[in-house]
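The block underneath contains the structure these notes are about, expressed in structure tokens.
It should be emphasised that the depicted structure is a prediction, and the values quoted were computed from it without experimental measurement. Order of the sequence lines fixes the chain letters, A, B, ..., with proteins taken first and strands second; residue numbering starts at 1 for each chain.
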2 protein chains.
Amino acid sequence: MFKVSKKSQYGLRAMVYLAKKDSKEFFSLKDISGKESIPFDFLEKIMSELEKVKLVKAKKGIQGGYVLARNPERITAKDIVSALENTTAVDCSFCGKSKKCLTKNVWRKIDVAINKTLKSMTLSDLIS
Amino acid sequence: MFKVSKKSQYGLRAMVYLAKKDSKEFFSLKDISGKESIPFDFLEKIMSELEKVKLVKAKKGIQGGYVLARNPERITAKDIVSALENTTAVDCSFCGKSKKCLTKNVWRKIDVAINKTLKSMTLSDLIS
DNA sequence: ATAAAGCCGACAAGAATTGTCGGCTTTTAA
DNA sequence: TTAAAAGCCGACAATTCTTGTCGGCTTTAT
Ligand code: FES
Ligand code: FES
């Protein structure tokens, strides 16, 4: 519970890697997975998801790879994590039955705190 | 990821239930599990863990059950969740290899935010 | 003495996470 | 124009975590 998934760890590390380069150059999965010690096939899925939400651009073929889709200061940790996780913190099957639940507020506040924290950090912040 | 476990949901609900009663009376697993729709056997393990860290007192035999070990205003959501979960938010196998990791700060801040939030709410707050 | 409880350890089912594979398409460079 | 380098995609396998169950034991009030 509240444990950071490998997927998000890998995803954020890969994005920070690209942000550090800060160029129009494309970097391949092979390169990223090697430098960041991320399982190649797993990273492929991760980058594919990040591409679908337009955080990175992909190019096929020789000299292909990935590049950030926008400036590091316009990509937050939340953008990345939200793209990779089904981020519905509380999923309570009892909520329907209980008129006014005294515990829901706890989980809601945690949800808010997590999202606020994630939103407050951009890739640019992380590499500076 | 960052999903609230049933275990903590159940644990907190059970503790709030006891806090609402706010008496020296003992309430049985049967009672709590019935009123809060929590699987009996699962709740038994949960309460047993809460007893081990002295958040509740248990009494065996007829008329036995559980009661809060101290005042609701002296029990925080964090006390309860920490007792039930292995709460090491980040567990990164790459940390050893990377001299200075640019992403660790993200996870550390989230950890802080979660704990601060949990710590800020007592059972007494929740039932008022 | 008996019944109502909690205690404990083992274990089983289910779900989520993590990782792998094979074959496909696109792109570039020789 | 063809071969190699890359990304794309869907399926699936391994592992781990969560959730739940069970049987037998001990303690306690009546
Ligand atoms: S009833 Fe769903 S969180 Fe309380
Ligand atoms: S290397 Fe472990 S969190 Fe970055």
Distance in angstrom units between A:Tyr66 OH and C:dT26 C1', rounded: 13 Å
Applying the 4.5 Å side-chain criterion to the ILVMFWY set and letting contacts propagate, would B:Leu102 and B:Val90 be lumped into a single cluster? yes
Looking only at the side chain of A:Lys7 (C-beta and beyond, no hydrogens), which of the listed nucleotides C:dT28, D:dG7, C:dT18 gets closest? C:dT18
Under 6.0 Å between the ring centres of A:Tyr66 and A:Phe27? no
Take atom CD of A:Gln63 and atom P of C:dA29, then tell me their distance rounded to the nearest Å. 6 Å
Which whole-number value in Å describes the distance from B:Ile62 CD1 to D:dT26 P? 18 Å
When you match A:Gly61 and B:Lys60 each to their closest nucleotide on DNA chain D, which lands nearer the 5' end? A:Gly61
Send over the distance from B:Leu84 CG to D:dC17 C1', rounded to a whole Å. 15 Å
Carboxylate-amine/guanidinium contact B:Arg70 B:Asp79, below 4.0 Å: yes
Within residues 28-50 of chain B, find the residues that approach DNA chain D with a heavy atom at under 4.0 Å, and present them sorted by residue number. B:Pro39, B:Asp41, B:Phe42, B:Lys45
For B:Phe27 and C:dA5, what is the distance between atoms CZ and C1' respectively, to the nearest whole Å? 15 Å
Per nearest nucleotide of DNA chain C, the residue lying toward the 5' end, B:Lys52 or A:Glu85, is B:Lys52
Distance-only donor-acceptor check, side chains A:Gln9 and B:Thr103, under 3.5 Å: no
Taking atom P of D:dT18 as reference, at what distance in whole Å does atom CZ of B:Phe2 sit? 14 Å
With ILVMFWY side chains joined below 4.5 Å, transitively, what does A:Phe26's cluster contain besides itself? A:Val67
Check whether any side-chain N or O of A:Tyr10 sits under 4.0 Å from OP1 or OP2 of C:dT17, and answer yes or no. no
Atom-to-atom span, CZ of B:Phe26 to C1' of C:dA5 - whole angstrom: 12 Å
Does one hydrophobic cluster hold both B:Phe42 and B:Val56, with members joined at side-chain heavy-atom distances below 4.5 Å? yes
Rounded distance in Å - NZ (B:Lys3) to C1' (D:dT16): 14 Å
B:Val112 and B:Leu118: same hydrophobic cluster, using ILVMFWY side-chain contacts below 4.5 Å? no
Toward the 5' end of DNA chain D, by each residue's nearest nucleotide, A:Ala58 or A:Met1: A:Ala58
